[in-house]
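Below you'll find the structure, written out as structure tokens, and then a few comments.
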Amino acid sequence: MKKEVNVVGAVIVEEDQILCAQRGNTKSLPYKWEFPGGKIEKDETPVDALIREIQEEMLCHIKVHEHIADATYEYDFAIVHLTTYACSIKEGFPQSTEHTQLVWRSIDQLDELDWAAADLPTIDALKSKA
């Protein structure tokens with residue numbers, strides 16, 4: 001039986017641009033793009049996990065807004081349950097501590113990147129709201 005992992009992702013929007021993060025080559029799904037975030041720890045709400053993960057990984061503080069999408073995707077290493085939320089920067093500016101690179105893209109430009117499969121339903125949801 002595959003391990004199941006519950007993760008959260010932040011769709012950080014600034015001036016109609018969305019923050020996209022590229023995974024490093026030592027991680028699973030090397031060089032794939034994702035919405036930054038991470039695992040939900042025991043006794044942690046998804047929103048609390050997202051705030052903590054962005055503070056740890058990007059050294060900035062976010063405000064979490066509305067829920068965007070839920071997705072489940074079975075990778076070869078695990079079954080990932082991803083919940084994404086719209087977010088804004090409250091303090092600081094995102095810095096890459098774990099990702100190969102960070103880029104800002106408009107909704108129309110998101111398809112130019114090679115996304116992790118679990119993140120694709122969020123992109124579809126963003127496009128349907130645009």
Side-chain angles (χ1 to χ4, degrees):
M1 181 116 178
K2 282 191 182 170
K3 172 175 73 169
E4 294 199 31
V5 183
N6 293 308
V7 297
V8 285
V11 179
I12 300 172
V13 180
E14 290 288 316
E15 299 177 13
D16 295 326
Q17 297 286 301
I18 297 168
L19 183 66
C20 310
Q22 188 178 41
R23 296 177 64 82
N25 66 346
T26 61
K27 304 260 185 199
S28 55
L29 307 173
Y31 300 117
K32 292 282 189 180
W33 290 87
E34 66 181 359
F35 296 106
K39 291 180 187 159
I40 302 171
E41 301 293 339
K42 188 177 185 291
D43 299 325
E44 196 174 41
T45 69
V47 169
D48 289 342
L50 194 52
I51 291 168
R52 176 187 52 76
E53 285 284 352
I54 297 302
Q55 286 173 348
E56 290 174 3
E57 288 184 11
M58 306 214 147
L59 309 176
C60 68
H61 300 274
I62 59 169
K63 179 174 173 125
V64 179
H65 303 285
E66 71 274 4
H67 169 265
I68 295 177
D70 292 304
T72 298
Y73 191 82
E74 185 172 348
Y75 293 103
D76 57 351
F77 57 88
I79 298 170
V80 173
H81 304 283
L82 171 65
T83 301
T84 53
Y85 295 88
C87 300
S88 58
I89 297 172
K90 195 162 72 171
E91 183 183 321
F93 192 79
Q95 300 173 49
S96 179
T97 63
E98 292 194 11
H99 292 89
T100 300
Q101 62 178 321
L102 302 175
V103 297
W104 294 91
R105 294 288 186 266
S106 68
I107 288 175
D108 295 339
Q109 296 171 319
L110 294 177
D111 288 335
E112 297 170 5
L113 303 175
D114 182 18
W115 289 89
D119 290 84
L120 295 174
T122 296
I123 293 171
D124 291 341
L126 291 169
K127 287 179 183 178
S128 72
K129 293 177 186 177

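Reckoned from all heavy atoms, side chains included, excluding hydrogens, waters and symmetry mates.
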Are [X] and [Y] joined in one hydrophobic group, where the rule is that I, L, V, M, F, W and Y side chains link up if heavy atoms are under 4.5 Å apart?
| X | Y | answer |
| --- | --- | --- |
| F93 | F35 | no |
| I123 | V103 | yes |
| L120 | I107 | yes |
| V64 | V8 | yes |
| L113 | Y31 | no |

Exercise. Could you walk me through whether Q17 and S106 pass the side chain to side chain contact (heavy atoms under 4.5 Å, CB included) test, one step at a time?
Key: CA-CA 5 Å; Q17 297 286 301; S106 68; 3.8 Å; yes

Under 3.5 Å, side chain of [X] to main-chain N/O of [Y], donor-acceptor pair present?
| X | Y | value |
| --- | --- | --- |
| W33 | E112 | no |
| K2 | Y75 | yes |
| E14 | I89 | yes |
| E34 | A21 | no |

What is the distance from atom [atom1] of [X] to atom [atom2] of [Y], rounded to the nearest 0.5 Å?
| X | Y | atom1 | atom2 | answer |
| --- | --- | --- | --- | --- |
| I40 | L82 | CD1 | CG | 9.0 Å |
| I79 | N6 | CD1 | CG | 11.0 Å |
| H81 | E74 | NE2 | CD | 9.5 Å |
| E57 | R52 | CD | CZ | 9.0 Å |
| D124 | I68 | CG | CD1 | 12.5 Å |
| D119 | T84 | CG | OG1 | 8.0 Å |

Quiz item: Does a sphere of radius 6.0 Å around CG in N25 hold more than 12 heavy atoms from other residues, nucleotides or ligands, not counting ones at 6.0 Å or beyond?
Solution: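 Counting other residues, nucleotides and ligands, CG of N25 exceeds 12 neighbours.
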
Quiz item: More than 12 non-hydrogen atoms from neighbouring residues, nucleotides or ligands closer than 6.0 Å to NZ on K129, yes or no?
Solution: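 Yes, NZ of K129 has more than 12 neighbouring heavy atoms, counting only those of other groups under 6.0 Å.
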
Quiz prompt | Parallel, tilted or perpendicular: rings of Y85 and H67 (30°, 60°) | solution =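 Aromatic pair H67/Y85 classed perpendicular.
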
So which heavy atom on [X] is nearest to which on [Y], and how close?
| X | Y | value |
| --- | --- | --- |
| G24 | T100 | CA-OG1, 3.1 Å |
| L110 | C20 | CD2-SG, 3.6 Å |
| L59 | E56 | CD2-O, 3.9 Å |
| A49 | E44 | CB-OE1, 3.3 Å |

Can you find a heavy atom in the side chain of [X] that is under 4.5 Å from one in the side chain of [Y]?
| X | Y | result |
| --- | --- | --- |
| L19 | L102 | yes |
| K32 | D114 | yes |
| P36 | I54 | yes |
| K27 | H99 | no |
| W115 | L29 | no |
| M58 | S96 | no |
| Y73 | P121 | no |
| K90 | I62 | no |

Quiz prompt | D111 bridged to K127 by N-O distance under 4.0 Å | solution =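 Counted as a salt bridge, because a side-chain N and a carboxylate O are separated by less than 4.0 Å.
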
